[in-house]
Structure formats: C-alpha cells, structure tokens
Amino acid sequence: MFSCPKLDTDDHDRLVECKSAVASEVTALVERYVAIGWKRHEILMSIGDLVDTEAVARAEFFRELVLHPVLSKVN
C-alpha cells in the first residue's frame, strides 16, 4: 500500500522515508513478475533502464529550463 510523506520537503530524512515507502512496492512488483516467469535479473535491469531513462529526461528538462533563458540573452 502506498504511504504519503510524513516529513517536510526540507527534512534530510525525507529521502530515507521515500526509499522505505517505495521499497515494499518495488519488491512486490518484482515478486509478481517472477511469479509469472520473468527472471529477477531481467526485471531489475528493466527497472534500472526505466529509471535511467526518466533521470535523463528530467536532466534534459531542467538543463533546458536553466540554459534556455541564459542562451537567449547571449544571442
């Protein structure tokens, strides 16, 4: 079951809280896919690839957000 954050966004332990909340869901997801025949390493590699893709997309978005206004002033 999903749990809402209890800590403020500026609390240093919020990431630990988030990891704890997400961990049980990820474990359950992996177990469901193992049960239907996928290999654990395939599932974990797929999740890792999805996370990498999301991280790259977020980084590009923020780079555009920050650099676009700066570059438009240069030109």
Side-chain angles (χ1 to χ4, degrees):
M1 171 164 295
F2 296 114
S3 61
C4 297
K6 294 173 182 57
L7 301 173
D8 292 332
T9 56
D10 59 345
D11 191 309
H12 296 289
D13 290 328
R14 188 174 163 105
L15 183 58
V16 173
E17 180 187 29
C18 183
K19 286 179 187 178
S20 177
V22 171
S24 61
E25 294 295 324
V26 171
T27 300
L29 177 70
V30 170
E31 294 307 321
R32 284 195 302 270
Y33 278 94
V34 167
I36 62 171
W38 292 99
K39 301 290 184 201
R40 190 172 302 277
H41 74 276
E42 295 170 322
I43 302 160
L44 296 175
M45 288 178 66
S46 296
I47 291 171
D49 287 347
L50 292 168
V51 169
D52 287 347
T53 299
E54 178 68 16
V56 167
R58 295 285 176 178
E60 289 173 0
F61 170 77
F62 286 115
R63 187 171 37 252
E64 252 326 283
L65 190 67
V66 171
L67 290 181
H68 183 0
V70 172
L71 293 177
S72 66
K73 290 179 183 178
V74 172
N75 293 330

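Predicted model, so just to flag it, every value in this text is computed and none were measured. One-based numbering along the sequence shown.
For the pair Asp11 and Asp13, the tightest heavy-atom approach, listed with the atom from each and the gap, is OD1-N, 2.8 Å. Of all heavy-atom pairs spanning Glu31 and Arg40, the tightest one is OE2-NH1, 2.9 Å.
Counting only heavy atoms from C-beta outward, the side chains of Val22 and Cys18 approach each other to under 4.5 Å. Side-chain contact between Met45 and Lys39 is absent, with no heavy-atom pair separated by less than 4.5 Å.
Hydrophobic clustering keeps Val16 apart from Leu7 (ILVMFWY residues linked when any side-chain heavy atoms are closer than 4.5 Å, directly or through intermediates).
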Side-chain atoms of residues 47-56: list all donor-acceptor pairs with protein atoms under 3.5 Å, sequence neighbours left out, distances to 0.1 Å.
{"residue": "Thr53", "atom": "OG1", "partner": "Asp49", "partner atom": "O", "Å": "2.9"}
{"residue": "Glu54", "atom": "OE2", "partner": "Arg58", "partner atom": "NE", "Å": "2.7"}
{"residue": "Glu54", "atom": "OE2", "partner": "Arg58", "partner atom": "NH2", "Å": "3.0"}

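Side chain of Glu17 to backbone of Pro5: no donor-acceptor contact under 3.5 angstrom is found.
A distance of 7.5 Å separates OG of Ser46 from CH2 of Trp38, quoted to the nearest 0.5 Å.
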Passes side-chain contact (heavy atoms from CB on, under 4.5 Å), Arg14 versus Thr9? Steps please.
-> CA-CA 7 Å; Arg14 188 174 163 105; Thr9 56; 3.8 Å; yes
